[in-house]
Amino acid sequence: MADTERPWKRRRVSPPAKHTSTAIRAPKEEFDAQPDGGLDSTALDRAWYDAGESGAVFGDDAPFADTWADRERENALHEKKMAVRQKVNPKFLQRQKDNDAWESNRMLASSVAQTRDQGYVDFSADNDDIRLHLLVHDIKPPFLDGKTIFTKQLEPISAVRDPQSDMAVTARKGSKVVKERRQQKERQKQAQEATAVTGTALGNVMGVKDEDTDSAAPLSGPNGQPIKNAGSKFADSLKKDVGQSDFSRTKSLREQREYLPAFAVREELLRVIRDNQVTIVVGQTGSGKTTQLTQFLYEDGYAANGMIGCTQPRRVAAMSVAKRVSEEMEVKLGGTVGYAIRFEDCTSKETKIKYMTDGVLLRESLTNSDLDQYTCIIMDEAHERALNTDVLMGLIKKVLARRRDLKLIVTSATMNAERFSRFYGGAPEFFIPGRTFPVDIQYSRSPNEDYVDSAVRQVLAIHLNDPPKLSILPIYSQMPADLQAKIFDRAEPGVRKVIVATNIAETSLTVDGIMYVVDCGFSKLKVYNPRMGMDTLQITPISQANASQRAGRAGRTGPGKAFHLYTERAFRDELYIAQIPEIQRTNLANTVLLLKSLGVRDLLDFDFMDPPPQETITTSLFDLWALGALTNLGELTDLGRKMTSFPMDPSLAKLVIMSSNTYGCSEEMLTIVSMLSVPTVFYRPKERLEESDAAREKFFVHDSDHLTLLTVYQQWAANGMKDGWCTKHFLHPKALYRAKEIRQQIEDIMKGLDMPVISCGYDLDIVRQCICSGFYHQAAKRKGLGEYINLRTSVSVQLHPTSALFNSGDPPDYVVYHELILTSKEYMSCVTAVDAHWLADLGGVFYSVKEKGYGAAGRREVEYSKKAELEEAIQFDRERAKQMDSSENGAVIKKKVISNVVKKPISKSSAVVKPTIGRRR
DNA sequence: GAGCACTGC
């Protein structure tokens, strides 16, 4: 079998770092890199391929056949490779010995061998064969030296208004009922179905069987047949809405339009917009602002020289509103009225009214910073303060100063209107009344200790006033679409619906006919901890604005009642007025990179409505620098510029770039990155945990969760991307389809940038190395069973029990992980085993490797690293920064320094051996 | 041996 017949099979591609310039080389790589030292790559390839040929089974009715064959082939090949290596090249082991000898020699001869550097954290592997030490540096780029200020928000922001308040304490404690129920389940499991379980307390009260009250419904139908996926939930819910209200059935579109409150104030609104560059429109629910504003502006001639743009925080909204407006205007969607969301641009040359997500407009500003194509921009739902909305607001403020002809309209709920007005220099507020029904608001008389218990009691109290049968329906975003659709079904006569929802029901979807709302006063909030570089999912008291939004859901189709499960005093004193804007509680690496590429040199000069906390910005800047996206002076590098082309986290963007230009595994990396960009593809219904776990394990690649994801996608693709196949293997079809879309988008971007899409074939070590090149800043070393220590922060972290590496017989010493999540413990999610040498090589900013500690000689060790080079460069840049500081116009870096922290002098002991003579030749 | 918000490019 000649290589030419398999163009996808490529020769091993070396990592970017030049091992030869340092003294150490991992035996494996040394072997591969020696053209004369044994087996050439073609022979290896052949051995590999032959091993595969012998045992392969392919076929449609054996969905896993090719995977298992691959796996076996891989194993067989590995063994063969090792055997061949040792047989064909007996010098191999000898060379290892030689290396050892060489190093001892070098060590003894060298006068620069020093004791351990105190400034380092030393992670020593207790491996008998290779005594390997990974040293961790603590280097900062000059632009982060001292106490440079990047933002007006110096203090961290607390997710709770008052940590001592009743609600904050309750939030931290969690629900006792939930805990007990969990323990009960545990006991039941231990009892091993010895006795049939009859039901829980809750089930007994309601006269419903246990399994009916459980939150997730089974995946299979009544006969155990897998349910075919019903398609996208958006399309579904939109369909069901049609014709639900009598009003929309009996009135023409024109009549409906004129009935809206916005219509009554049309002339006055247009006059205010004409007289002001910025207008804040306070439009309540049901006022018609989203659909009418654009049409008013269009009718008033604003689209004569450009487009009227309207941004939405969510994709569905952008799509469905555009559809509605095109119907009202009796034009084809995509003509005069269009929309643009990720993956879908439904606009044309004729488009005058364009609905889009705020992320799309943000991306557009990358190519046209003055947004010239628009005469008028409406930022809808700005009060939600989504990350992109906030960034856009700062950007547009600058554009408004340059383009006096541009009009901006910001719509907001009542609570935030004044802040927007102030931000835009006292812009007028225009009020449009809403058209909703009155909602009777009730508060608890005393604080509740357990929100789940109180919620159940409250629901039952409402129910017992007029007790028909109850139908309990859960909904959350990760639930399969066909099950989600159930909440929109009309209840049968004599049945009352109870919908148990996450905050998906607060804004994202509307269910008709809700009469009662029970609000527990909490939500799960993702809060970023910059110090630990970690997201935490916290139960947090909601804000007053959230509470009103929840209550308002009872008054959409008739008068309703809302029960808040906290006291009125708590509402007033313990809740923030509005939720903390996303920009202040999230990782900003992405945003900072975007702003840098938009030419914002100093973030302090950027006008944020609410500036992000200092610590978040410094961590983001540091991470970007460590990734190689920023120079030592904090300017964008070529790599950084390339990264902004990709709509994803900077570290993932780096993986894509490295996989294409260095490692030759972009085909694989495209898939992995796409899979990491969607919610988990593994479906784990509560009542079929063991089955679904077993299904997941079939996809495991033992040393990498990333490669496991790759396997899942490849199998899904190989099996025709069928929903039935997904159901059978406990996978979410929706998530996989989305991964496919994302994959296509990234591939298109790569082609646009002339980046080759290549496969590395079966050499998955290449993929792991590439992952290491983008994630070395998130690495950990093994401490115990399943227990690791983060190399840089020394924080103890664990393998998540769903990881492929969990419970594996041979846990790797070093791993990199995709993210850290704090739940009951600090868990690494999506983990890949790496080699310590890769870390030192690819993450030269942070790590260097020492080998062979000679204990008897008093821990005399030699360090090999790129650190000296790096420090030299940093010193050079530091000097440059100083020079810039003294010059007039270049005082960018240091002018914000309050007081310079005196840097510790680099101790003598950190002297580095830089071998000038090669050790082998 | 776990834990469960939501968006967006």
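We name chains A, B, ... by the order of the sequence lines, and we start the count at 1 in each one.
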A:Arg550 CZ - B:dA5 P separation (whole Å): 13 Å
Proximal nucleotide (of B:dC9, B:dT7, B:dC6) relative to the A:Pro647 side chain: B:dC9
Rounded distance (Å) that lies between atom C1' of B:dC6 and atom NZ of A:Lys734: 13 Å
Closest nucleotide among B:dC6, B:dC9, B:dG3 to the A:Tyr476 side chain: B:dC6
Interatomic distance, A:Tyr683 OH vs B:dC4 P [rounded to whole Å]: 16 Å
Touch class at under 4.0 angstrom, heavy-atom based, for A:Asp649 against every strand present: nothing
Mutual orientation of the aromatic rings belonging to A:Phe730 and A:Tyr683 [parallel < 30°, tilted 30-60°, perpendicular > 60°]: parallel
A:Lys740 with A:Glu747: basic N within carboxylate O range, under 4.0 Å: no
Sugar-phosphate only, base, or nothing, as touched by A:Thr502 at under 4.0 Å among non-hydrogen atoms: sugar-phosphate
A:Lys524 side chain near B:dC6 phosphate (N/O to OP1/OP2, under 4.0 Å): no
Touch class at under 4.0 angstrom, heavy-atom based, for A:Arg314 against every strand present: sugar-phosphate
First of A:Asn590 and A:Leu525 reached from the 5' end of DNA chain B, by closest nucleotide: A:Leu525
Salt bridge present between A:Arg385 and A:Asp610 (N-O < 4.0 angstrom): yes
Qualifying residues under ring-ring contact (aromatic ring centres under 6.0 Å, His included), relative to A:Tyr576, sequence neighbours excluded: none
Length of the CD-P vector between A:Glu690 and B:dG1, whole Å: 15 Å
Candidates B:dA5, B:dG1, B:dC9 - which lies nearest the side chain of A:Thr357: B:dC9
Short side-chain N/O contact to B:dC6 OP1/OP2 from A:Ser477, under 4.0 Å: yes
Whole-Å gap separating C1' (B:dC4) and CD1 (A:Ile475): 15 Å
Test ring-ring contact (aromatic ring centres under 6.0 Å, His included) applied to A:Phe806 - qualifying residues, sequence neighbours left out: none
For atom CD of A:Gln549 and atom P of B:dA5, their distance in whole Å: 19 Å
Between B:dC9 (C1') and A:Leu593 (CG): distance, integer Å: 13 Å
Residues A:Asp693 and A:Arg696 bridged, charged N to O under 4.0 Å: yes
Touch class at under 4.0 angstrom, heavy-atom based, for A:Phe646 against every strand present: nothing
Under 4.0 angstrom between A:Arg315 side-chain N/O and B:dC9 OP1 or OP2: yes
Contact nearer the 5' end of DNA chain B, comparing A:Asn503 with A:Asn388: A:Asn503
Sugar-phosphate only, base, or nothing, as touched by A:Leu387 at under 4.0 Å among non-hydrogen atoms: nothing
Candidates B:dC9, B:dG3, B:dC6 - which lies nearest the side chain of A:His800: B:dG3
Distance, rounded to the nearest Å, where A:His732 contributes NE2 and B:dC4 contributes C1': 12 Å
Given B:dT7, B:dG3, B:dG1, the nucleotide with the shortest approach to the side chain of A:Asp693: B:dG1
